[in-house]
Amino acid sequence: MPLKIFNSLSNQKEEFKSIKENEVKMYVCGPTVYDLSHIGHARSAVSFDVIYRYLKYKGFDVKYTRNYTDIDDKIINRANKDGVNWSEIAERYIKAFDEDMAVLGVELPTFRPKATETIKEIIQVIQKLVDNGFAYVIDGDVYFSVRKFKDYGKLSKKNIEELEAGARVEVDERKNDPLDFALWKASKPNEPSWESPWGKGRPGWHIECTAMSQKFLGETIDIHGGGKDLIFPHHENEIAQSEAATGKPFVRYWLHNGFVNIEKEKMSKSLGNILAIRDALKNYSAEAIRLFLLSSHYRSPIDYSPEYLKNAEAELDRFYTTLKRMERDWPDVANGVINENRKKERIQPYINAMDDDFNTAQVIGFIFKEINEANRLMDDASKGGVSKEFQEVLPIIRAIFKEIGVILGVFNRTPQEYFKEKKSRSGVPADEIEKLIAQRAAARKNKDFKKSDEIRKELEEKGILLEDTPKGTVWRVR
RNA sequence: GGCGGCGUACCCAAGUGGCUAAGGGAGCAGUCUGCAAAACUGCGAUGCAGCGGUUCAAAUCCGCUCGCCGCCUCCA
């Protein structure tokens with residue numbers, strides 16, 4: 001079964017065919033670095049991270065570019081507000097973004113260019129557009145003439161006449177047409193600026209992506225991604241600029257991820273409900289956040305609420321509890337010889353799900369079926385002995401966990417790492433718990449079950465669960 | 001007003017023409033346990049917002065109605 005991808009350009013799933021066999025050129029719009037990144041950025045980054053990982057898994061050599069927009073009105077405003085240089089703001093939030101991504105297990109793209117490092121190329125593209133008549137210069141500003149580009153609106157399915165009628169923006173009288181957008185902005189005094197054929201200025205927002213995409217990936221690329229909200233005007237404008245400049249198709253597959261709402265409401269400055277990634281990480285593990293994000297399809301809107309994060313944590317508990325059981329009680333079987341044919345057959349549904357527009361939610365569902373199967377097999381083995389089926393299937397399940405872990409970037413830790421992190425989050429000192437467990441063990445030995453139960457209850461109220469196993473009592477965080 | 005999307009059990013969520021509508025959480029019952037936990041087993045939507053239609057066959061296609069949401073302005 002071939003890989004199918006939903007293309008925003010055609011509004012349907014299409015079979016994916018890369019320009020060059022075995023190579024994928026992919027560009028995703030990165031953050032404008034003027035503030036901490038929020039959970040919506042995390043969704044976009046994680047969604048495309050999984051797409052990147054899966055394309056690599058499929059054997060493609062993926063050239064993945066994700067930019068930093070490090071020059072922009074918002075950055076300048078923030079710098080003025082904080083009383084620091086604009087570049088300090090950009091650097092600060094690039095660093096913060098990189099840290100957040102690392103914690104979330106987002107792999108580094110092949111190229112991570114900054115707009116300010118691409119000024120030369122930006123100017124070249126603008127010059128081309130001026131030369132071929134798609135752009136015009138007014139007082140050091142350069143604008144793109146939307147009406148000259150006949151396909152304008154093909155991505156967002158808008159038509160120019162209706163846009164004009166509904167235009168809500170105040171019209172800049174100097175522009176030939178209200179829809180025209182800035183490629184280059186003449187700088188005001190004390191603003192960051194670069195020399196250009198049109199005087200000192202800085203790039204408009206849309207042009208940087210065109211320039212960076214061309215510089216690192218070429219004139220036509222396979223995949224371009226971003227949040228749904230970027231379809232208009234950002235991506236529409238990118239298409240216009242790029243195709244007007246090169247005369248070639250810009251992008252073959254447009255991918256857009258859905259929004260994250262907070263308790264059923266859109267995140268917005270005015271509502272004050274922006275959830276920064278690092279604030280979410282204070283309460284939940286990075287893996288739980290990632291699993292939550294991947295539990296629904298990347299194009300659907302999702303709702304963020306503490307309840308759903310708890311659900312993700314419960315799922316992780318189930319996964320790692322089972323994995324721990326496999327590694328602890330049946331290490332030789334779980335890591336035993338793999339029947340490759342049978343493994344291939346068993347992993348095929350996962351591949352089919354990922355091939356169907358990256359259906360991570362379905363993949364996660366399959367994983368929990370394996371968990372059930374693994375536990376059942378282990379139950380049977382402890383009761384009735386090790387069967388051939390057990391010896392054959394358990395290592396396959398273990399191998400599937402590993403393989404899917406690489407693709408999704410969840411389920412990929414060791415149980416030790418997982419439970420250690422949970423314990424460190426509990427806030428209850430481990431030695432105190434161990435002391436109580438020892439007291440309880442003594443009480444149990446004397447059949448003093450009243451006291452034993454009191455200790456269990458005391459710890460339970462602090463969120464600590466005790467498990468009596470044949471090898472002694474172990475504890476974990478609820 | 002234009003464009004697009006969504007509505008599946010108590011909650012989350014997959015499924016977009018054809019076996020008993022995945023999976024997780026919560027709940028209830030049972031097995032196991034000194035009691036628990038974990039695990040396993042069973043129960044749980046005769047129905048997929050509603051109404052009509054197409055079809056041998058529909059959650060899945062078409063039409064209408066109701067409800068919710070996004071974009072059209074910076075925005076992941």
Side-chain angles (χ1 to χ4, degrees), chain A residues 8 11 13 28-32 34-35 37-48 72-74 77 153 156-159 161-163 165-170 205 225-234 236 256-261 264-269 274 291-292 295-297 299-303 305 307-319 321-322 324-325 349 353 356 359-380 382-383 444 447-450 452-453 456-457 460 465-469 473-476 478:
Chain A
S8 306
N11 264 340
K13 280 184 204 169
V28 173
C29 291
T32 300
Y34 71 105
D35 205 347
S37 297
H38 55 66
I39 192 76
H41 295 108
R43 186 179 195 196
S44 182
V46 168
S47 298
F48 289 104
D72 176 88
D73 286 346
K74 290 195 287 287
N77 292 341
S156 56
K157 281 89 191 164
K158 295 185 185 306
N159 84 53
E161 309 312 324
E162 278 161 6
L163 277 173
R168 280 193 261 162
V169 232
E170 58 220 78
W205 174 36
K228 259 196 164 80
D229 51 331
L230 295 180
I231 293 174
F232 190 88
H234 185 53
E236 196 67 60
H256 293 98
N257 66 274
F259 264 52
V260 181
N261 296 319
K264 318 268 183 209
E265 282 186 309
K266 185 181 169 174
M267 263 194 285
S268 77
K269 291 254 152 149
I274 307 256
L291 180 60
F292 158 72
S295 290
S296 34
H297 189 92
R299 281 190 284 115
S300 317
I302 52 174
D303 192 41
S305 117
E307 195 189 326
Y308 309 146
L309 268 289
K310 291 211 174 75
N311 197 336
E313 288 195 327
E315 290 188 334
L316 288 174
D317 261 10
R318 181 160 161 78
F319 176 81
T321 300
T322 301
K324 181 171 82 178
R325 187 180 176 196
D356 184 14
N359 194 337
T360 55
Q362 193 169 56
V363 167
I364 292 164
F366 292 158
I367 287 288
F368 284 98
K369 278 189 181 176
E370 304 289 6
I371 287 172
N372 181 259
E373 174 82 1
N375 277 312
R376 206 166 42 212
L377 286 167
M378 287 189 285
D379 276 4
D380 289 350
S382 11
K383 281 180 209 144
R444 288 180 75 209
K447 304 260 186 234
D448 185 356
F449 294 123
K450 189 164 169 280
S452 151
D453 287 347
R456 177 193 289 290
K457 211 174 159 211
E460 199 178 332
L465 287 182
L466 299 184
E467 288 180 35
D468 296 326
T469 74
T473 300
V474 297
W475 63 278
R476 66 185 178 88
R478 186 175 44 195

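So you know, we letter chains A, B, ... as the sequences are listed, proteins then strands, and number each from 1.
A:K74 comes within 4.0 angstrom of sugar-phosphate atoms only, judged by non-hydrogen atoms across all strands, and of no base. Among the atoms of the strands shown, none is found under 4.0 Å from any heavy atom of A:M378. Residue-level contact check: A:G227 touches the backbone only, with heavy atoms under 4.0 Å from sugar-phosphate atoms and none from bases. Among the atoms of the strands shown, base atoms are found under 4.0 Å from some heavy atom of A:K158.
Panel note: side chain A:S452, backbone A:D448; no donor-acceptor pair is recorded below 3.5 Å. A:R456 places a side-chain N or O within donor-acceptor distance of the main-chain N or O of A:L466, the cut-off being under 3.5 Å.
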(request) Could you encode protein contacts along nucleotides 12-19 of chain B as a string, one character per nucleotide from 5' to 3', using B for base contact, S for sugar-phosphate-only contact and - for no contact, with a heavy-atom cut-off of under 4.0 Å? (result) SSSS----
(request) Any chance you could list the contact pattern along nucleotides 34-43 of chain B? Use B for base contacts, S for sugar-phosphate-only contacts and - for none, protein heavy atoms under 4.0 Å, 5' to 3'. (result) BBBBSSSS--
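For the pair A:H256 NE2 and B:G4 P, the interatomic distance rounds to 16 Å; values are reported in whole Å. Atom-to-atom, NE2 of A:H234 to P of B:C72 comes out at 14 Å; the value is rounded to the nearest Å. If you take CG of A:N159 and C1' of B:G1, they are 12 Å apart, rounded to a whole angstrom. In this structure, CD1 of A:I231 is placed 11 Å from C1' of B:G5, rounded to the nearest angstrom. We find that CG of A:L316 is positioned 11 Å from P of B:G25, with the value rounded to whole Å. Here the C1' atom of nucleotide B:C75 and the CG atom of A:D73 are 14 Å apart, to the nearest Å.
Under the ring pair (Phe, Tyr, Trp, His ring centres under 6.0 Å) criterion, A:W475 pairs with no residue, sequence neighbours left out. For A:H38, the ring pair (Phe, Tyr, Trp, His ring centres under 6.0 Å) partners are A:H41, not counting sequence neighbours. Under the ring pair (Phe, Tyr, Trp, His ring centres under 6.0 Å) criterion, A:F259 pairs with no residue at all, not counting sequence neighbours. A:T322 is linked by a side chain to side chain donor-acceptor pair (under 3.5 Å) to A:N375, counting only residues two or more places apart in sequence or in another chain. Listed by chain and residue number, A:E236 satisfy the side chain to side chain donor-acceptor pair (under 3.5 Å) test with A:S156 (two or more places apart in sequence, or in another chain). For A:F292, the ring pair (Phe, Tyr, Trp, His ring centres under 6.0 Å) test picks out A:Y304, with sequence neighbours left out. Annotation: salt bridge (charged side-chain N to carboxylate O under 4.0 Å, His left out) contacts of A:K74 (sequence neighbours excluded): A:D72.
Rounded to the nearest Å, the gap between the P atom of B:G15 and that of B:C61 is 13 Å. Comparing the P positions of B:G7 and B:G17 gives a spacing of 15 Å, expressed to the nearest Å. Atom C1' of B:G23 sits at a distance of 22 Å from the matching atom of B:G18, rounded to the whole Å.
B:A9 is unpaired under the Watson-Crick or G-U wobble criterion, no partner having all donor-acceptor distances under 3.5 Å.
Toward the 5' end of RNA chain B, the nearer of the two residues A:K157 and A:F366, judged by each one's closest nucleotide, is A:K157.
Counting only heavy atoms from C-beta on, A:E315 has its side chain closest to B:G24 among B:A76, B:G23, B:G24.
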